[in-house]
There are 2 protein chains.
Amino acid sequence: MKPDDAAVIRSLPLFADAREETFAELVRTAFLQRFPPGVTLINENDEADFLHVVVEGQVELFATFGERETTMSIVEPVGTFILAAVLNARIYLQSARTLQKSQVLMIPAEKVRDAMGTDAAFTRAVVTELARGYRRAVKEVKGQKLRTGAERLANWLLQRADAEGAGRITLPFEKRVLSSLLGMTPENLSRAFAVLKTHGVTSRGAVITLADRAALAAFARPDPLIDGPE
Amino acid sequence: MKPDDAAVIRSLPLFADAREETFAELVRTAFLQRFPPGVTLINENDEADFLHVVVEGQVELFATFGERETTMSIVEPVGTFILAAVLNARIYLQSARTLQKSQVLMIPAEKVRDAMGTDAAFTRAVVTELARGYRRAVKEVKGQKLRTGAERLANWLLQRADAEGAGRITLPFEKRVLSSLLGMTPENLSRAFAVLKTHGVTSRGAVITLADRAALAAFARPDPLIDGPE
DNA sequence: CGCTCGTTTGAGAGGTCTCAATTTGGGTGG
DNA sequence: CCACCCAAATTGAGACCTCTCAAACGAGCG
C-alpha cells in the first residue's frame, strides 16, 4: 500500500483517533486488493472474515430473497462496510460487488476485535461509527415505509444536489442501480422522473437538472430525520 | 426501585458484564417511572437525554413523516431503546409511547457515555448491543424492500409461533399496531390474513391458529438473514 | 342494553410490478 | 473518426398490490 493511501485511511473517523500502534497493526495485517468491475467481494451468509475499506472505485451492497434482489447502499472512497458483522463475529447480511474498477483494503476481523480490547479511543470510534450506521439504517426504514417512490427519488436528488453544491447532478452510477437503491424497478424510476418533470426536473442521460429547487422541495418535503447523512 | 427489578436489569446483555460500580452508578442516577397506556415518552427531534429500559408493560416506537406514521418496533420487558441516539448525543429519530401500563427506567445519557469511558466490559457490551440493533434494522430494510405485505405477515406469524412454541398465537397488541409494524394499513392486514387462510391460517379475535406450518412456511419462505432475532 | 372503538368488507383510485417493444446512448472495432 | 452494436433506458399495456374512503360488523365496557 502506498503511504498516501494509508494516510487517507488514517484520516477516516474510524481510525483517526486510534493509537499509532493500533493503526499500524491493522494496516500491517491487511490486504490491499484491486478488482475489476462486477466482481463479487462477499456473499451474504458467509462468515465475516474482513472489515472492508473502499480505497478507490465503487462497491454496491445488495441483498437477496429468493430470486429478488435489492441494492442496500453504495460505498465510495473512503468508506467502510459490514462493520457490524465483523464486530459480533456473525455472518454477512449483505453481499458486495464492485461497480467500477476498485481497490479495497481488507482488515482481518479478528484484528479489529483485538484492537478494540487494547485501544479505548479506537473502541470509542467504533461505537460512534456503529451508531451512525444504525441510525442510517433506521432512516432507511422510515423512508421506505413512509414515502412513495417518487418522493424517495426527489429527496435523493435534493440531497445529491446539495452535496455537489449545484442544480445539476451527474448520476454516479446507472439508473438501474439507483432504482434498486430507492426500492423500485427501473421502469418505475423512469415514471418517477416523469412525475418530477412537473417539478422542474429534467434529465438527459446521466445528467439531471433541477430547474426549481423550491418546487422540488415542496414536493419532496425533505426531513433531516430521514434524509440526513447520519 | 425494587431489588429484583435491579437484578433483572443487571441480567440484560447490556449490563451483565459491567463492573459492580458501573452498574450501581447507572442505577443510582436513573429514574424509574410508571406510565399509563397511551403516554408519549419521547418525541423524535428531541435531544437524547435518557437511555430507556422497559421494565414492565409495552412501548411502541414509531416515526412520522408529515401526517403519515409508522410503527418501527415494539419494546417489551426487558428491553432498551434509542441506544444509538444516546451514544452519539444526537436527536431521537423515533418517538415512543406506552401501549400498556408500563414501568420504564431512564438512565441519563451522560452517565451512559461516562460509563463507557471507565468500564471496558460495559463498552464491549454496548458495541455488541449496537451491532445487534444495526443488524436488526438492516433486516427490516430487507424485509420491506424484498417482501410483499402478506409475506411479511406470514413470516411474523411463523416467528411468533416458534417463540411461543405452539401452533396457536395470541397477538400481544392490536391488529392496528401489527399492520403498522409490518408496513401496511389495517385494511390491508385483514386482506393479508384472508390470503393466508388458504395456507392454513385462521383467526378468531386476537387468537391466530396455524393449522399447517409447512404450507405457511412454503408461502413465507422464512430466511434467517431477514427474520432472525439478531 | 347500548355505546364505542377496533376490525372487517366493499368499491374505486393510485401506485407498483411484469412483460414486451422501442428508443437512446455509450463503447468498440474497423 | 465514424458506423455499428449492445446494453441501458424509456414507453406502453395489463395485472397485481396497496391505499383511501365508506359502511357494516362485532366485541368489550359502562
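Letters go in sequence order (proteins before strands), and every chain restarts at 1. Quick caveat: nothing in here was measured; it's all calculated off a predicted structure.
Regarding Glu187(A), its CD atom lies at a distance of 11 Å from the P atom of dT10(D), rounded to whole Å. Atom CD1 of Ile208(B) is separated from atom P of dT7(C) by 11 Å (rounded to the nearest Å). In this structure, Asn188(B) atom CG and dG14(C) atom C1' are separated by 13 Å, rounded to whole Å. Straight-line distance from the NZ atom of Lys175(B) to the C1' atom of dA27(D): 12 Å, rounded to whole Å. The distance between atom CD of Glu151(B) and atom P of dC17(C), rounded to the nearest whole Å, is 13 Å.
Remark: side-chain polar atoms of Thr185(B) are paired, donor with acceptor, to backbone N or O of Asn188(B) under 3.5 angstrom. The main-chain N or O of Arg90(B) is never found under 3.5 Å from a side-chain atom of Glu47(B) such that the two would form a donor-acceptor pair.
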Trace of the side chain to side chain donor-acceptor pair (under 3.5 Å) decision for Thr64(A) with Glu44(A): CA-CA 8 Å; Thr64(A) 59; Glu44(A) 38 185 325; 2.7 Å; yes
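The residue Gly205(B) sits apart from the nucleic acid: no heavy atom pair falls under 4.0 Å.
Near DNA chain C, meaning a heavy atom under 4.0 Å away, there are no residues from residues 140-147 of chain B. Near DNA chain C, meaning a heavy atom under 4.0 Å away, the residues from residues 189-200 of chain A are Arg191(A).
Between the two ends of the helix from dC1(C)-dG30(D) to dG30(C)-dC1(D), each summarised by a five-pair axis, the helix axis turns through 30° (rounded to 10 degrees).
Neither OP1 nor OP2 of dT18(D) sits under 4.0 Å from any side-chain N or O of Thr185(B).
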